[in-house]
Amino acid sequence: MWHDSPQGAAAGRIVETEAYLADDPACHASRGMTPRNRVMFGLPGTAYVYFVYGMHYCFNVVTAPPGVGEAVLVRALEPLWNLSLMRTRRGAKTDADLCRGPARLVQALGLGRADNGRDLCSGPLVILPGWREEGEKVSVSPRIGIVAGRDLPLRFYLAGNPFVSRGPRKKAGD
DNA sequence: CTCTGGATTGAC
DNA sequence: TCAATCCAGAGG
């Protein structure tokens with residue numbers, strides 16, 4: 001994913017996501033539309049950005065047709081472009097920590113409240129087709145940091161990738 | 001209006 | 001392991 005801003009552009013490859021389905025108690029939209037989750041019920045391909053814990057933002061992609069509240073949370077990026085800008089924004093000590101976590105990548109890319117509802121198919125914030133390097137595999141696990149629906153296997157990540165956030169980076173047993 | 005708890009992070 | 005920090009959502 002890529003973000004162009006007045007301070008410059010920055011980009012990274014998505015290496016970890018979580019799905020939030022309409023009938024899933026952990027999904028913000030599972031109990032109907034509210035002022036916060038409004039955009040989740042809109043067009044797929046729009047950004048859903050929300051504020052948590054009094055200090056952090058998380059970035060999601062709306063994925064279902066209008067009227068159905070579902071989204072995918074982007075939890076980690078492998079930083080690829082303009083790491084120096086990311087470093088400035090994050091003040092991170094190591095490059096590995098630049099985008100390793102949902103609120104961290106939001107900070108590294110310079111996203112925020114203003115990006116909620118933005119079209120991701122055109123404009124300064126876009127998601128491009130992804131890829132996998134030779135030998136890389138996608139693993140599945142329960143989602144991180146939630147209570148309701150914690151057993152559902154809806155977290156997807158590149159096994160062993162160092163840019164995957166806190167929580168299991170490897171399949172159990174590896 | 002009041003109250004509770006959270007899709008996290010960084011310091012200890 | 002724990003505090004920071006404030007808002008969304010539910011209930012009165």
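Letters A, B, ... are given to chains in the order of the sequence lines, protein chains preceding strands, and every chain is numbered from 1.
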Return the CZ to SG distance between A:R90 and A:C99, rounded to the nearest 0.5 Å. 8.0 Å
Between A:R143 and A:D151, does any side-chain N to carboxylate O distance fall below 4.0 Å? no
Between B:dA7 and A:Y50, counting only base atoms on the nucleotide and side-chain atoms on the residue, is there a donor-acceptor pair under 3.5 Å? yes
Measure the distance from CG on A:L98 to C1' on B:dT9 and round it to the nearest whole Å. 15 Å
Write down the distance between NZ (A:K93) and P (B:dG10), rounded to a whole number of angstrom. 8 Å
For DNA chain C, determine which residues of residues 54-84 of chain A have any heavy atom closer than 4.0 angstrom to one of its atoms, and list them numerically. A:G54, A:M55
Does a distance-only test, which skips hydrogens and angles, find a donor-acceptor pair under 3.5 Å between the side chain of A:H28 and the base of C:dA8? no
A:Y20 OH - B:dA7 P separation (whole Å): 7 Å
Figure out the CZ/C1' separation between A:R31 and B:dA7, and round it to whole Å. 12 Å
Between B:dA7 atom P and A:Y48 atom OH, what is the distance in whole Å? 9 Å
For the residue pair A:T63 and A:E70, establish whether any side-chain heavy-atom pair is separated by less than 4.5 Å. yes
NA contact type, A:R143, heavy-atom cut-off 4.0 Å: base, sugar-phosphate, or nothing? nothing
Indicate yes or no: at least one non-hydrogen side-chain atom of A:R100 is less than 4.5 angstrom from one of A:V15. no
Quick one: label A:Y53 by what it contacts on the DNA or RNA (base, sugar-phosphate, nothing), any heavy atom closer than 4.0 Å. base
On DNA chain B, check which nucleotide each of A:M40 and A:R90 is closest to and give me the residue with the more 5' one. A:M40
Which of these passes side chain to side chain donor-acceptor pair (under 3.5 Å) with A:R87: A:D95, A:T94, A:N82? A:D95
Whole-Å distance between B:dT9 C1' and A:R104 CZ? 6 Å
Verify the contact: side-chain N or O of A:T34 to OP1 or OP2 of C:dA8, cut-off strictly under 4.0 Å; return yes or no. no
How would you label the contact of A:A103 with the nucleic acid (heavy atoms, under 4.0 Å): base, sugar-phosphate, or nothing? sugar-phosphate
Before giving the answer on salt bridge (charged side-chain N to carboxylate O under 4.0 Å, His left out), spell out for A:R13 and A:E78 the whole-Å C-alpha distance, their side-chain angles and the decisive distance to 0.1 Å. CA-CA 5 Å; A:R13 172 191 171 217; A:E78 177 179 331; 2.7 Å; yes
Sub-4.5 Å side-chain heavy-atom contact between A:M40 and A:C27: yes
Measuring only the C1' atom in each nucleotide, how far is C:dC2 from B:dG5? A whole number of Å is fine. 16 Å
Residues in salt bridge (Lys or Arg N to Asp or Glu O under 4.0 Å) contact with A:R118, at least two apart in sequence or another chain: A:D115
Taking the six-membered ring for Trp and the full ring for Phe, Tyr or His, determine whether the centres of A:Y48 and A:Y50 are under 6.0 Å apart. yes
Each stem that DNA chain B is part of, given as range with range (3 or more consecutive Watson-Crick or G-U pairs, under 3.5 Å): B:1-6 with C:6-11, B:8-11 with C:1-4
Length of the CG-C1' vector between A:D97 and B:dT8, whole Å: 14 Å
